[in-house]
Amino acid sequence: MKKFPKEEYSVPFFEEEGYVRNLCPKCGEYFWTQNPDQKTCEEATPEGCAFYTFINNPPTRKSYSLGEMREAFLSFFEKLGHTRIKPYPVVARWRDDIYLTHASIIDFQPYVTEGIAPPPANPLVIVQPCIRLVDIANTGPTFGRHLTVFEMGGHHAFNYSDKEVYWKDQTVRFHHEFITKELGVKSEEVIYKEDVWVGGGNAGPDVECIVRGLEVDTLVFMQFKVVNNEFVKLPIRTVDTGYGIDRYSWLSQGAPSCFHAVYGSLLSKIFDMAGISEIDNDLMIKIAEVSGLVSLDKTASRLKARRKIAEIVGMKVNELDELLLPIENVFAVADHTKCLSFILSEGVIPSNIQEGYLARLLFRRAYRLMKMLGMTDRLYDVMDMQIGLWSKDYPHLKEMRNEIMEILSVEEEKFQKTIKRGEGLVKRIARKLKKENIPEIPVETLTELYDSHGLPPEIVKQFAEKEGVEAEIPENFYALIAERHIQAPGKVEETEPQEAPGIAVSDLSETEPLYYQDQYMREFEAKVAKVLDNEYVVLDRTCFFPEGGGQPADTGYLVFDENKVEVVNVQKVGKVIVHQVKGVVPKEDSIIKGLINWERRYELMKNHTATHIINGAARRVLGKHVWQFGTQKGTARSRLDISHYRRLTLEEIHRMERLANQAILRNIPVETSQMGRSEAEKLYGFRLYQGGAVPGKEIRVVKIGEWDVEACAGTHLKGTGEMGFIKIVHSERIQDGVERLVYSVGIPALKTVQENEKKLWKLSDILNAPLEKLDKTAEKVVRELKEANAEKRKLIKEIAARESAVVGARPQTEVISHIDGIRLVTRDFKEVIDVDRMVQTANAMIERDEATVSLFYGTDGKNVRIMVMAGETALEKGVNANEVIREASAIIGGGGGGKLNFAQGGGTIVRKLPDAIKKAEEVLKKQLKH
RNA sequence: GGGCCGGUAGUUCAGUUGGCAUGAACGCCUGACUUGCACUCAGGAGGUCGGGGGUUCAAAUCCCCCCCGGUCCA
């Protein structure tokens, strides 16, 4: 990685305070210290630069709980002139590049850090709950250095070329004051380690602060954008600090683990539930002190680290492993259940895609750990405790409690199903292997079971051993999984280069959107600003709505001189709206008249407003976890995809319909307003971003009374009454956790209802039954059909039995010959080439007399079918049906085959059928004589 | 967004190179034997092989499209 020169880190503060810069011989990083004799960086790294010295020996004046530390941090920086900002959600709905908020700066990217929107305050201070699943394997084993959910404190300053707030030196001074004055840590114990920070396409130098072995925060000076591996200066320099509030609390308590510090009595309760008594305190402290050596990312050093720790504390490796494993699992359970409560409280539905998958991953991991601890029955108790504990600071957890519990039970059921299915699968595989004398499940089977069936190798091993088959889980198992996914990239789908104008319009000024001034405007006059490629027209203003937000572009006409040309497409390119026309184009700088296809647009407006109405109804009927997943508006039909953990019932759909139509009847006014991003978020919360991330500094808010409020750029009705009528016409599940609602509005909705009615009437006509008895009649008809089918099968059998009995009774279609004690029945089925019939007859015939060979054939004039079946006795005499059929079918221009006792074939040369039969008889005779 | 696996009787699943679905187990019905821990025995019913095209004399099986489910990763 690129390193920055010393000057980037050498702030006046270090000089004033007598800091020296040394190079750590173990990890190879530079660090700043007030103690010139200090050799290593003193961070408890996996390389073993140092060990923790704060365990049972905290350096702070007093001990802080997580909440107390959060408050201490916030009020300290508030006193220094920072504005306190409320935390953002942990699901980063305002971004489309990431799913979860994993740092406080995420809240302000990219709009603030790229200078698109002003920050809510400058400077500001925030404590942001964060979720990081990349460290999930380390959560537990590292005693809390890694958590999947944690609180990050940040004091942020955004420096513009014309407005400097504060930069490196001041940041370090603030930090130092907090840690020494506020918390009481001795100045000489505070070490600053140099580092290069890269993240989210941005970069800059940073210093990490180490106290008694623990890295407690990082001070980042973001000032570059990473372009083609090069650092390019950003116009805005951002002070991005990240204080690990959980780690600070751990430091201040000197607890054996960060989990002890954060969860307190909740952790003890989980230990109780798992039936684990906490181990000897002295030993625990000893282990905790050296836990910095652990890091599971580096698989190679993992066992080494265990061995090292065992050596230091004077235990055998497997003894230590046995002792630590359940404890680490309890730690992870505490962490994962908190993380789940946060993620689920914001309406993430566990599923197999996107952020839903992350929720599922978390749940399944937590559940597996609980299973190992034998406490899955306490899942709901633990979750309840987490909700109780954290809703003091984050009250929305409590509001979502019932939905969270419901989602958990659905998820538990699904996981159990998967495991059960897996058990059967492994059993079958194991038995098969045993039969083939393979004593061990091959590695590729293990990886496939995990990748395709979600079965973790430990579980497979357990099930396999029950069947007496071994399974060896390779150390690099998850690396093998990763390998499966890095296959050669398949054919990249060639997407037609968008015909829409990817044209240089950046030099043009913004097109004035008239459709926002008056959403009902149908025609306008405008000046032609630019004409491109004899096809694309840019105007100074327009009321043609460009495609966006699931709403298709308007169509219509441009009128100028004697011409009326069709507008076929409208796209927004940056701030410029481009009209694609068919026919002649107007001259630049001329005045034209625009007419939009109002009927179409009005339908789109109705459908768009309906989306908001249905979304509101879904939230009311299904719960607050419902989020819009995607939409597409049309004139006759539109669709809305929503997140939900269960298939919708007809009853739920009807309730949504009722609510939606009630909202129409009340004719609720639809208000639109343009407002600043921060202000809108403050006023309406992040519910605004139903439609996903919305770019820009100002956002357009569409508010339908108390029913629904969203950030939305589409065109809407003045009042809901204009829709007249909404009908949900269809629903389907498009992904696990995502339901699609298809609906119609107004006359098209009525039409759909009428279409359905028409079908019912027709059905009633066909079945000759009145509407109210349709269901009963249909049931009856289907039942009778099934009975008739069964009867038919029975009859074929009966006919076959009878026909097999009367061998020799029809000389014109049947020849019977006896060869070597075998009876050969050659029968012409004429036009009946139903194989089933031949087979059944032959079966019955042979059942009566095993010394029979039946040679059956028939033709419908187009196809010829031949079939040979031989009884046990005939087989013993050397009959090979397969061979007979092969030779015979070749003659009639087809093919055939089968087994020794049964074969069938056919062809298309009908006139050669007699030859083929002769051939078959010849072959049979030869086989028998042989 | 990218992979991978699957859809056959009420359920869980077999089904080799295309060639009889005499499919297996459990469940169900009838009868016998037993009344206690998955009773046992005999017999029987139960199938649009997810849907639609194609290749073939012949498709559950091969090819294409669609629908539905499961699962891993970003």
Side-chain angles (χ1 to χ4, degrees), chain A residues 96-100 133-134 350-355 357-358 360-361 364 414-415 417-425 427-429 431-432 444-445 447-456 477-493 630 647 732-736 782 785-787 789-791 793-794 797 800 833-844 846-847 854 856-860 862-870 881-882 885-886 888-910 912-913 916:
Chain A
D96 49 19
D97 52 342
I98 51 170
Y99 298 122
L100 299 170
L133 296 184
V134 286
S351 86
N352 48 13
I353 43 155
Q354 300 179 358
E355 73 268 27
Y357 175 68
L358 301 178
R360 176 162 287 169
L361 179 83
R364 294 195 167 181
K414 282 195 176 172
F415 192 37
K417 245 188 187 164
T418 296
I419 296 294
K420 211 169 164 199
R421 216 187 348 251
E423 186 172 7
L425 193 60
K427 221 188 228 172
R428 267 175 272 128
I429 291 173
R431 283 183 186 164
K432 208 169 161 191
E444 57 268 31
T445 308
T447 49
E448 199 201 314
L449 283 170
Y450 179 73
D451 209 10
S452 298
H453 302 280
L455 293 171
F477 181 77
Y478 290 92
L480 290 175
I481 295 292
E483 232 165 73
R484 279 172 74 95
H485 291 271
I486 340 169
Q487 281 160 359
K491 51 175 183 225
V492 180
E493 231 166 272
R647 292 307 309 263
E732 62 184 312
R733 203 186 83 139
I734 59 163
Q735 292 283 0
D736 195 11
V782 171
L785 182 70
K786 276 194 162 187
E787 282 167 6
N789 273 335
E791 190 71 12
R793 272 197 296 273
K794 219 182 271 169
K797 251 189 183 169
I833 57 169
D834 179 9
V835 190
D836 199 32
R837 179 91 169 267
M838 293 187 190
V839 169
Q840 294 294 348
T841 308
N843 264 334
I846 283 160
E847 214 164 279
S854 27
F856 292 174
Y857 60 93
T859 176
D860 59 0
K862 266 166 82 183
N863 277 331
V864 180
R865 306 296 297 271
I866 326 174
M867 185 219 79
V868 171
M869 195 183 282
N882 185 39
I885 287 294
R886 260 175 215 290
S889 337
I891 293 171
I892 44 171
K899 298 167 197 163
L900 282 178
N901 68 322
F902 172 83
Q904 55 177 302
T908 46
I909 310 170
V910 178
K912 288 218 173 155
L913 178 55

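Predicted model, so just to flag it, every value in this text is computed and none were measured. Below, read A as the first sequence line, B as the second, and so on, with proteins coming before strands; counting in each chain starts at 1.
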Taking a pair as Watson-Crick or G-U wobble with both distances under 3.5 Å, which nucleotide is matched to [N]?
N      : result
B:rC20 : none
B:rG43 : B:rC29
B:rG6  : B:rC68
B:rA14 : none
B:rA60 : none
B:rA38 : none

What is the distance, to the nearest angstrom, from the [atom1] atom on [X] to the [atom2] atom on [N]?
X      : N      : atom1 : atom2 : answer
A:L358 : B:rA74 : CG    : C1'   : 9 Å
A:R431 : B:rC13 : CZ    : C1'   : 12 Å
A:F856 : B:rA58 : CZ    : P     : 21 Å
A:E423 : B:rC13 : CD    : P     : 12 Å
A:L100 : B:rA74 : CG    : P     : 12 Å

Distance check, rounded to the nearest 0.5 Å: [X] atom [atom1] versus [Y] atom [atom2]?
X      : Y      : atom1 : atom2 : answer
A:N882 : A:N901 : CG    : CG    : 10.5 Å
A:E355 : A:L133 : CD    : CG    : 12.0 Å
A:Q904 : A:S889 : CD    : OG    : 10.0 Å

* Could you pick out which residue, A:G424 or A:G893, lies toward the 5' side of RNA chain B when each is mapped onto its nearest nucleotide? => A:G424
Work out how far the [atom1] atom of [N] is from that of [M], and round it to whole angstrom.
N      : M      : atom1 : value
B:rA45 : B:rG19 : C1'   : 28 Å
B:rC29 : B:rC13 : P     : 24 Å
B:rC26 : B:rC62 : C1'   : 33 Å
B:rC63 : B:rG1  : P     : 27 Å
B:rU35 : B:rU40 : P     : 15 Å
B:rC39 : B:rG27 : P     : 8 Å
B:rC72 : B:rC41 : C1'   : 49 Å
B:rA60 : B:rG6  : C1'   : 14 Å

* Excluding sequence neighbours, so at least two apart, what forms side-chain contact (heavy atoms from CB on, under 4.5 Å) with A:R360? -> A:P350, A:N352, A:R364, A:E411, A:K414, A:D736
* Asked: Looking at residues at least two apart in the chain, or sitting in another chain, which of them share a side-chain contact (heavy atoms from CB on, under 4.5 Å) with A:T445?
  ->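 Partners of A:T445 by the side-chain contact (heavy atoms from CB on, under 4.5 Å) criterion, ordered by chain and then number, come out as A:I429, A:I441, A:P442, A:L449.
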* To do: Assign a letter to each nucleotide of nucleotides 14-20 of chain B from its 5' end: B, base within under 4.0 Å of a protein heavy atom; S, sugar-phosphate only; -, no contact.
  => S----BB
* Check whether any side-chain heavy atom of A:I892 sits under 4.5 Å from a side-chain heavy atom of A:I866, and report yes or no. => yes
* Stepwise, does the side chain to side chain contact (heavy atoms under 4.5 Å, CB included) test hold for A:M838 with A:Y857? -> CA-CA 8 Å; A:M838 293 187 190; A:Y857 60 93; 5.6 Å; no
* To do: Dump the intermediate steps for side chain to side chain contact (heavy atoms under 4.5 Å, CB included) on A:R421 and A:T418, then the final yes or no.
  => CA-CA 5 Å; A:R421 216 187 348 251; A:T418 296; 3.7 Å; yes
* Candidate pair A:T908 and A:V864, rule side chain to side chain contact (heavy atoms under 4.5 Å, CB included), full reasoning -> CA-CA 6 Å; A:T908 46; A:V864 180; over 6 Å; no
Measure all distances between protein nitrogen or oxygen atoms and nitrogen or oxygen atoms of nucleotides 24-28 of chain B, and list the pairs falling under 3.5 Å.
none

* Considering non-hydrogen atoms only, spot the tightest contact between A:I885 and A:V868 and give its length. =>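 So the minimum-distance heavy-atom pair works out to CD1-CG2, 3.7 Å.
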* A:A881 and A:F902: which non-hydrogen atoms are nearest, and at how many Å? -> CB-N, 3.8 Å
* **Sugar-phosphate only, base, or nothing, as touched by A:L361 at under 4.0 Å among non-hydrogen atoms** => sugar-phosphate
Restricting to nitrogen or oxygen on both sides, can you table the protein-nucleotides 68-71 of chain B pairs closer than 3.5 Å?
unit_1, atom_1, unit_2, atom_2, d
B:rC68, OP1, A:E732, OE1, 3.2
B:rG69, OP1, A:R733, NE, 2.8
B:rG70, OP2, A:R733, NH2, 2.5
B:rG70, N2, A:S452, O, 2.9
B:rU71, OP1, A:R364, NH1, 3.1
B:rU71, OP1, A:R364, NH2, 2.7
B:rU71, OP1, A:T418, OG1, 2.6
B:rU71, OP2, A:R360, NH1, 3.3
B:rU71, O4', A:S452, O, 3.3
B:rU71, O2', A:Y450, O, 3.3
B:rU71, O2', A:D451, O, 2.5
B:rU71, O2', A:G454, N, 3.2
B:rU71, O4, A:N352, ND2, 3.0

* Under the ring-ring contact (aromatic ring centres under 6.0 Å, His included) rule, collect the residues that match up with A:Y450, sequence neighbours excluded. => A:F477, A:Y478
